[in-house]
Structure formats: C-alpha cells, structure tokens
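Naming: A, B, ... by sequence-line order, numbering from 1 per chain.
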There are 2 protein chains.
Amino acid sequence: MLAEQKRHRRRATQGNSPVTLADVARIAGVSEITVSRVLRDVASVAAGTRKRVLAAVGDTGYVRNQVAGTLASATSNLVGVVIPSLSNIVFADVLRGIDGGLGPSGYRPVVGITGYDPTVEETLVGSLLAWKPAAMIIVGFEHTDVTRRWLKQSSIRVAELMDIDSAPIDLAVGLSHRAAGQATARHLVARGYRRFGYVGHDWNTDRRARLRWEGLVQALAEAGLALVDQRLNDGPSSTQAGREGLAALLRGGERPDVVVFSNDDMAVGGVFQCLAENIALKHELALFGFNGLDIGQALPMPLSTVRSNRFRIGELAVEHILSRPKRGETLETIDTGFEIVEGATA
Amino acid sequence: MLAEQKRHRRRATQGNSPVTLADVARIAGVSEITVSRVLRDVASVAAGTRKRVLAAVGDTGYVRNQVAGTLASATSNLVGVVIPSLSNIVFADVLRGIDGGLGPSGYRPVVGITGYDPTVEETLVGSLLAWKPAAMIIVGFEHTDVTRRWLKQSSIRVAELMDIDSAPIDLAVGLSHRAAGQATARHLVARGYRRFGYVGHDWNTDRRARLRWEGLVQALAEAGLALVDQRLNDGPSSTQAGREGLAALLRGGERPDVVVFSNDDMAVGGVFQCLAENIALKHELALFGFNGLDIGQALPMPLSTVRSNRFRIGELAVEHILSRPKRGETLETIDTGFEIVEGATA
DNA sequence: CCACGGAATGACAGCGCTGTCATCCGATAA
DNA sequence: TTATCGGATGACAGCGCTGTCATTCCGTGG
C-alpha cells in the first residue's frame, strides 16, 4: 500500500544547513569517509583529493554536524560550566579563564547559572550532562546528593573551583578561604590594628565568604582579639551594600580602627562611604577587602586586599583536565594561593 | 573468518553514563519509545507505566543523551552565543540577560569569546554552527564575509546585539549608539557646557564607542561647538585607562569644562583622578560616561551617564527568538533605547 | 452483542556521522 | 620478475535516540 512508500521520508527539514557529508562527497567524487578524514585532519589523504574535497566544502558552504560526529565517535568537545552568578565579576573572570584555557582546542563551554540555588544547580547539571560533555567545571562544593551522584557516576572529569577546603569529587582548583581569612587577620594585627569590624553579604548562602570570616575570627582569637562589631547583610554583595553596611556599622556603638569586608565590591563601597563622610582612610579608619579587583586598585588610594587568582583558577582547571582527560584514581587538589595586596587603605 | 565476529563491537567505551534508554526500557519492562515519551513528557502514557519508568530511571541513574536525541529529531536546544569579551561587565550583563531569558526553557547557551577579532569570530561561529544550535546570538555587526554567509545560510534565527545602526542579518536588538552620542551632546550643551573634552579607548576596534563619538561630535557641530581636546587610547577600557586618559588630557593645552568618556569604566577612572588631584567634580570639571554601571552610581557623587539596557537586550533577544523560532521574511530591529542619568558629576 | 473511537504502546527505520576492517595500487626489495 | 609493504581509499554497521505509522485494548452507544 501507499503507506509503504510514504514512511520514513524524513529529512533535515528543520532549517540549518541541508548540506551533508554525503553531498560534499558526491561533488568531490570521493567517499564520505574521505571527506570526514579531510575535515578532521586524520589519516593520510592525498594532496589532490584533499584539495578537491576542500573545494567542494567551500562551494557548498558545508558545515560539519558535530552532533552526529559526537554520537558516532562518543567523544564530545563540549565542556559543561556551572557558575553561581554573572553579576559578580569574579565568576566572569573564572569563565574568562576557562575560555582562555580552552583556547583554540575546539572545546566549547556550555554554561549554566545557578543563582546560588542547589536545586537549580541540580537541574542544570542534569541538562548539561545530557550533552555528554568531555568534562564538567562547577563552582564550589555545595551540591545536592543527586548532583553529586550524577557527577560521580558520569566518569568524566569534574573540576570544582574556587574552594579547596573540602574533598573534591575529582579535582579541586582554588584557594583556602579559611587560610585567606587567617592571613588577613594576622596581617592586620601585625600592622597594629586591634579593634576589628566586619561587613558581610549573603551571610547564609556564600560559603566561601563565610569560611574567610571564620578564618578571620579564629586568627583574631589566637591573637586574643575579637570583632568589636559586624554587619551581616543577607543580600548579594555590591558597592552600594558595602556603603550601607559601613554606614550602619559606624552608626553603631564601638568604633573599630579597621573594617574587613567580605569582598572588594563591598570594600569599595566602604571607601566611597568614607569619602562621602570625609573620614580619612587608614588614619582614621582602615579598610580591607578580598579579591584584588581592578576597580579597587584604580582607586585614588588603592584598596588593601587579598588577591585571589580567579582567571588562573579557570585556566588551570581546564589545562589540567585537557592534559588528563580520564578521571584518575586519586582525588586532586590544586592550590592557586593568594597574596596580600598592601594597598593604601590599611 | 574470525574478523567477522570481531567487527563492530563498538560500545560507549568512553566514560559517561553507559546506561541507555534501552537499559531503562528493559528494566521498566516497556519499549524504548515509551521511556522516551515519559522523559520528554509527550504523548499519553499511563500513570502506572510512567511511574515504573521513572523508578527505573531513578535507580539506574540514567541521564538522557541529548546528542542522540538532537540528531534523531533535528531540533537542538543549544543556543550559540558569541561575545567580544568578558572583561567588560557589559557583556557579562548581556550574557546574564540571555541566560535569564532562556530561563527554565531547557535551552543552554554555548559561548565563544572573540576578543574583538573577526577572524576568531569566524572560527567560533563555524564551530558553534556545527552544533546545529537553535539560534545564534552575536554581538555587533562586524563580521567577515564568511561569517555572514554561514549565518545567512544556516536558516536558524540570528540575533545581532547592542547595535541597531546597521541592517541585521535577521534580528537586531540594541540601541543607537550614534543617537546616544547625540543625546549626550545635547544634554550637556543644554546644561551650559561649552568646552568639551573626550577620553576614549580601543579607538580602532570598538565600533560602538566610535559611533557614540561620532554622534557626540556631530551634535556638537550642530550647536556650533567642537571638542577642544581628546585622548584616544588604543587599549581596552579600564578604570586605570580612564584615570590616565584624563590626567593626560588635563596636562594638555586648553582645559575643558566637561569631559565625555567612552564609557563608565573610563569615567569612573576620571572621577578617581579628580579625587586624587583634588578637582571639584562638576564645578571645576564635569564628567560624563556611558552605560550606567552600578559602580558609577555607587560613587559618592553618582556618575552622570547614559543607561544602556544591557540585561534587557540579552533577555529581549532570547524572548524574541523563542517566540518565533523560524526566521521570518523581513528583518527586524528592536530598539531598547537609553536614558540620560542625571547623576552628580555633570 | 458488535462496531467504533480513542488511549496506550510498540516496531522500525533513519538522523549524519565515524571506527573498524578490507581493498587497491604503485614503489621498493629481493 | 615477483613478493612485500605502506599509503590512499572505501564499505559497512552502528552510535542512541525519535518520527511515523501500526497495533492492541477497552469502554461506549446503538
């Protein structure tokens, strides 16, 4: 019956380039596999043949279909990237580092933004994993059980970035935020500060900021000191939040001689607040940040802070993954360290 | 011969989840297609069956293979995104907007960063197109001929962002930078400024900054004015570059009463320079930016600038594409406009 | 009691590539 | 001259899904 003829006449009806390898092969007068070889630059193909193939590719405007290629070869060149936010330049830096590390390797990042929500993260990881990426790069250690299971079970490489204060699923690249907090305290204590204030953000969701705070408080305790006052906002970090946080702190009781901020964005807000209130930076009130953002260093008085090597973190993660594409037996942790930036505000 | 047995015993050897639809189907005691239907939530599946399938999915830890799915259905849910840079918060905002617009639709962005190099862009577009994305989102109008051809020929939707001063391949979403430059000039002239200076960046590569400059100069000319001096750097925009640019300008001959910067990053640098040199903002020297970044608005004296709606540009582009996934007959241009932000520096 | 329609399910081919092996051929060695 | 070998090319199945029918089953109305 007629149905027999009608069945299965599917075609790449959906837009895109309807030109396939087969078309190119026919035009070039070779087999599909030869075209494939030329395009992937594998195996030996005679110079003349190659030229004919490339010519055919050129005038058909053929574009490879990586989807088919990936399915056939079971080797994708996508890398899943999961970050909490892009409002914060810090993660844009990480993403830059990832892209930079990927470079001309042909690998492409597929990104997802969680908004710091582990449930969203779970959904994202699921849909990224569905693309059978060559690797997954994800910020932080805080995942749902399902997420963690998926990540473990997919035997691709998994890099958890920014933080190294926990055991990774496979590879961790970052710095110890606790150590950074401690270093901050020791540095400031050594410079003679005694009355410490703190202005924070996202108190309940930003684990790394919390770790820094813990390190700070702990090292202060070891020096026989404690925070004289603090303002712990629960909103996201921003310059404005920093201004308001410092303003509130200063309206409070005991006046600190140095205020540590949860990060540079906040600290820059603090600097602006001092400018607005005519408080002499460092002499009257010292300020200290975290991250080492450009903006802080471009201030009339460069911000005293701790440099985290964000770009490098992304880049290093990628380099590491590309150099060992198979997951190994042992967990790895790469410490990218941090440096105190003396600056002029503390 | 033995070879006959050996051939074609390929397997998803490469890591990832070795669990396939077929496995889940077997365990659930249904056919593959039924599992597929449950997972995609299409067609009707009996409640009991669905439950069994989901259970099987659950305990196998099955993860869909979108690669195979995309190949079979010829409908991808990847969106190619090509931006010039991530160092500039502006493009991070656009990317945020894109991600936000994509929301829970299941579409995922695959990103590429060109570094403002059309050749890199060409390579990127080629490799993104190879993933047969549902759409391409790209910043600007400046493409190589090859890029343009590929984009046209792939009949997917193509959104060119930020700029609307040229004819798009398919859809343009952004603002008229020329108009923004003109508005800046008129606004400042109306406020009584007469001696205009200009500090710019990336003079040879940032077409949109150039368009704003042209609009500015043109509208000044219409008011019988001209720039009294300018500093056109060729490096990327940064706060530091803005500081140095203004410093250089002020060391120059005629002192302007207002300086327009190519963007807010640069202008914030200008503000810092004034703070450092103790120049009274607005009264002694007025400054004006472009973009309306948070940082500028958090300054002790909020920066006078023009707000570009970057997040909205990304979001709108996505919304538009999702609502009409097929390319139409006619070219479309969506003007997201801009607003003068009065601020306190001009 | 039977025809009928719709819900639930399945069979099957094929999406566009690539891995694997086989084949062909001319150049070199014996 | 003949056996040998490596370079160049091809045939073929299959990667893991989904679109397209086809089929089965059950409740309903005449």
Side-chain angles (χ1 to χ4, degrees), chain A residues 1-14 16-26 28-53 62-77 130-132, chain B residues 1-14 16-26 28-53 62-77 130-132:
Chain A
M1 30 136 103
L2 194 109
E4 291 306 304
Q5 272 80 355
K6 264 213 255 169
R7 298 174 75 170
H8 313 299
R9 27 77 198 167
R10 279 204 280 155
R11 203 100 213 51
T13 131
Q14 187 243 32
N16 297 23
S17 131
V19 185
T20 71
L21 249 202
D23 299 322
V24 177
R26 195 174 334 104
V30 297
S31 68
E32 297 184 31
I33 190 70
T34 299
V35 179
S36 174
R37 280 174 185 141
V38 171
L39 262 29
R40 287 180 299 153
D41 204 34
V42 301
S44 47
V45 175
T49 310
R50 156 170 282 115
K51 189 171 288 183
R52 260 183 305 139
V53 167
Y62 171 73
V63 176
R64 276 175 74 177
N65 186 338
Q66 289 267 30
V67 178
T70 298
L71 180 60
S73 66
T75 41
S76 158
N77 62 1
W131 283 99
K132 305 292 162 186
Chain B
M1 30 136 100
L2 193 108
E4 292 305 305
Q5 271 79 355
K6 266 213 257 172
R7 301 175 76 173
H8 312 299
R9 28 78 197 166
R10 278 203 281 155
R11 232 224 112 1
T13 131
Q14 184 243 30
N16 296 23
S17 135
V19 185
T20 71
L21 249 203
D23 299 323
V24 177
R26 196 175 333 103
V30 296
S31 68
E32 298 184 31
I33 190 70
T34 299
V35 179
S36 175
R37 279 172 186 143
V38 170
L39 262 31
R40 286 180 299 153
D41 204 35
V42 302
S44 45
V45 175
T49 309
R50 156 170 283 114
K51 189 170 288 178
R52 260 184 305 141
V53 167
Y62 171 72
V63 176
R64 279 175 73 177
N65 186 337
Q66 289 267 30
V67 178
T70 298
L71 180 60
S73 66
T75 41
S76 157
N77 61 0
W131 282 100
K132 304 292 162 186

Of the listed nucleotides [options], the one nearest the side chain of [X]:
X: A:T34; options: D:dA8, D:dC17, D:dG10; value: D:dG10
X: B:R37; options: D:dG10, C:dT9, D:dG16; value: C:dT9
X: B:V45; options: C:dT9, C:dT18, D:dC17; value: C:dT9
X: B:R64; options: D:dC17, C:dG19, D:dT18; value: D:dT18
X: A:L71; options: C:dT9, C:dT18, D:dC15; value: D:dC15
X: A:I33; options: C:dG16, C:dT18, C:dT9; value: C:dT18
X: B:E32; options: D:dT9, D:dT18, D:dC15; value: D:dT18

Check whether any side-chain nitrogen or oxygen of [X] sits under 4.0 Å from OP1 or OP2 of [N], and answer yes or no.
X: A:R50; N: D:dT9; value: no
X: A:S31; N: D:dT9; value: no
X: A:Y62; N: C:dC17; value: yes
X: A:S44; N: D:dG7; value: no

Spacing of [X] atom [atom1] relative to [N] atom [atom2], expressed in whole Å:
X: A:Q66; N: C:dG16; atom1: CD; atom2: C1'; answer: 12 Å
X: A:N77; N: C:dC17; atom1: CG; atom2: P; answer: 15 Å
X: A:R26; N: C:dC17; atom1: CZ; atom2: C1'; answer: 15 Å
X: A:N65; N: D:dG16; atom1: CG; atom2: P; answer: 17 Å
X: A:L21; N: C:dG19; atom1: CG; atom2: P; answer: 12 Å

5'-most by nearest nucleotide on DNA chain C - B:T49 or A:T70 |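 First, find each residue's nearest nucleotide; the 5'-ward one identifies B:T49.
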I need the minimum non-hydrogen distance between [X] and [Y], along with the two atoms involved.
X: A:T20; Y: A:D23; value: N-OD2, 2.8 Å
X: A:R50; Y: A:V45; value: NH1-O, 3.7 Å
X: A:W131; Y: B:S76; value: CH2-OG, 4.1 Å
X: B:A68; Y: A:L71; value: CB-CD1, 3.8 Å
X: A:A25; Y: A:S31; value: CB-C, 3.7 Å

Using a cut-off of 4.0 Å on non-hydrogen atoms, how would the nucleic acid contact of B:V67 be classed: base, sugar-phosphate, or nothing?
->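 It contacts nothing in the nucleic acid.
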